[in-house]
Amino acid sequence: MPYLAWSDELDTHIPELDAQHRVMIDHVNRLGAAASSGSSKQVREAMDALADCVHQHFEFEERVLEMIDFAGLEEHRQTHREILAELDDYRARLNAASPAEAEELVDTLGPWVVEHIRHDDVDFGPTVREWLRDAAPPDDPFRKLVGDT
């Protein structure tokens, strides 16, 4: 059974963002399995994959928020910078952690990822959907990235 599971409360109703969030959760689950295995190599690889995924996701998300001229963009960018710094800290701590410490760190990291999605990303979903409905040109290629809702 996976460590984290997708739930409807995490759904932004923006297909590409939700797909990326699901991949992030998969990476956290992979990290949890690696920590449980006791393999420091698997933990490093899984953490690197998670950090890369989060970084790419944040870049995409910020492009979305720029496109809609989101009022809270700078605050959201700052949150992303803080999260990336914390991920770097987790990475350093995991590289030096014993198997038991690695599992403890993953137990902290998993809920933290979910809370970011639940509290930071779900909040701007309605704004993106409203922009698509009211302001985006019908042929805007952006619609294909986030869904035409």
Side-chain angles (χ1 to χ4, degrees), residues 1-132 142-149:
M1 177 173 231
Y3 173 67
L4 295 178
W6 184 260
S7 70
D8 289 343
E9 68 181 0
L10 302 176
D11 201 332
T12 64
H13 304 286
I14 303 166
E16 179 62 25
L17 289 177
D18 290 334
Q20 291 177 18
H21 289 152
R22 284 183 170 99
V23 170
M24 286 170 51
I25 287 174
D26 288 344
H27 281 297
V28 171
N29 287 331
R30 181 176 160 219
L31 180 60
S36 294
S37 78
S39 167
S40 58
K41 180 181 181 211
Q42 287 180 2
V43 168
R44 278 193 309 276
E45 289 172 354
M47 185 63 203
D48 288 346
L50 173 63
D52 289 346
C53 174
V54 169
H55 183 76
Q56 290 173 9
H57 167 70
F58 285 173
E59 286 178 352
F60 176 79
E61 193 174 275
E62 289 174 15
R63 284 194 316 266
V64 168
L65 297 178
E66 285 173 0
M67 174 98 37
I68 67 167
D69 199 24
F70 184 64
L73 175 59
E74 285 311 312
E75 181 181 338
H76 206 77
R77 273 195 177 124
Q78 180 59 35
T79 299
H80 285 172
R81 285 190 289 271
E82 290 167 6
I83 288 170
L84 291 171
E86 287 185 54
L87 278 177
D88 285 343
D89 179 58
Y90 273 106
R91 185 184 298 186
R93 291 168 60 194
L94 280 168
N95 284 338
S98 70
E101 290 169 327
E103 286 188 81
E104 241 178 79
L105 286 169
V106 172
D107 284 346
T108 303
L109 179 61
W112 177 73
V113 168
V114 169
E115 288 305 304
H116 169 69
I117 295 168
R118 181 183 295 129
H119 294 293
D120 295 326
D121 292 356
V122 168
D123 289 347
F124 66 71
T127 305
V128 172
R129 291 189 307 277
E130 178 182 328
W131 182 85
L132 286 170
F142 180 68
R143 288 180 179 273
K144 292 178 182 150
L145 293 177
V146 298
D148 188 9
T149 55

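Everything numeric here is computed off the predicted structure, so don't read it as measured data.
Arg30 places a side-chain heavy atom less than 4.5 Å from the side chain of His27. Proximity of Ile68 to Thr127: side-chain heavy atoms (C-beta onward) are separated by under 4.5 Å at one or more points. Between Phe70 and Val128, the closest side-chain pair of non-hydrogen atoms is not below 4.5 Å. For the pair Asp120/Glu61, no side-chain contact is recorded, criterion being any heavy-atom separation below 4.5 Å from C-beta on. Side-chain contact between Val122 and His13 is absent, with no heavy atoms from C-beta onward closer than 4.5 Å. Using a 4.5 Å heavy-atom cutoff, the side chains of Trp112 and Leu87 are in contact.
In this pair, Trp6 and His21 present their aromatic rings parallel. The plane angle is below 30°, not in the 30 to 60° band. Ring pair His76/His116 is tilted by interplanar angle, where 30° to 60° counts as tilted.
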For this session: Quick one: do Leu109 and Leu50 satisfy side-chain contact (heavy atoms from CB on, under 4.5 Å)? Show the steps, please.
Result: CA-CA 11 Å; Leu109 179 61; Leu50 173 63; 3.7 Å; yes
For this session: Start with the C-alpha gap between Phe58 and Ile83, add the side-chain angles, then the distance that decides, and say whether side-chain contact (heavy atoms from CB on, under 4.5 Å) holds.
Result: CA-CA 10 Å; Phe58 285 173; Ile83 288 170; 3.7 Å; yes
For this session: Decide side-chain contact (heavy atoms from CB on, under 4.5 Å) for Arg63 and Glu59; before the verdict, give the C-alpha distance in whole Å, the side-chain angles of both, and the deciding distance to 0.1 Å.
Result: CA-CA 6 Å; Arg63 284 194 316 266; Glu59 286 178 352; 4.2 Å; yes
Problem set entry | Audit row: His57, Asp121, side-chain contact (heavy atoms from CB on, under 4.5 Å) steps and yes/no | CA-CA 11 Å; His57 167 70; Asp121 292 356; 3.5 Å; yes
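Between the CD atom in Gln20 and the CZ atom in Phe60 there is a gap of 5.5 Å [rounded to 0.5 Å]. To the nearest 0.5 Å, atom CG of residue Asp52 and atom CE of residue Met47 are 10.0 Å apart. Rounding to the nearest 0.5 Å gives a distance of 6.0 Å between CG of Leu4 and CD1 of Ile25. Between atom CD of residue Glu62 and atom CG of residue Leu65 there is a gap of 7.5 Å, rounded to the nearest 0.5 Å.
Counting all heavy atoms, side chain and backbone alike, Val113 lies closest to Met24 at CG1-CE, 3.9 Å. Closest approach of Pro111 and Val106 over heavy atoms only: CD-O, 4.3 Å. Shortest non-hydrogen contact noted between Ala97 and Ala102 is CB-N, 3.8 Å. Annotation for Leu31 and Ala46: closest pair CA-CB, 3.6 Å, computed over non-hydrogen atoms.
Side chain of Asp18 to main chain of Asp11: no donor-acceptor pair is present (N/O by atom type, distance under 3.5 Å, no hydrogens or angles).
Shown here are the salt bridge (charged side-chain N to carboxylate O under 4.0 Å, His left out) partners of Glu75, two or more places apart in sequence or in another chain: there are none. Remark: Asp89 engages Arg93 in a side chain to side chain contact (heavy atoms under 4.5 Å, CB included) (not counting sequence neighbours). Contacts of Glu101 classified as side-chain hydrogen bond (donor to acceptor under 3.5 Å, both in side chains), with partners at least two apart in sequence or in another chain: Ser98. Taking the salt bridge (charged side-chain N to carboxylate O under 4.0 Å, His left out) definition, one finds that Asp48 meets it with Arg91, sequence neighbours left out. Remark: Arg118 engages Glu9, Leu10, Val114, Glu115 in a side chain to side chain contact (heavy atoms under 4.5 Å, CB included) (not counting sequence neighbours). Among residues two or more places apart in sequence or in another chain, the salt bridge (charged side-chain N to carboxylate O under 4.0 Å, His left out) test is passed with Glu103 by none.
If you check the side chains of Gln78 and Glu82, you find a donor sitting under 3.5 Å from an acceptor.
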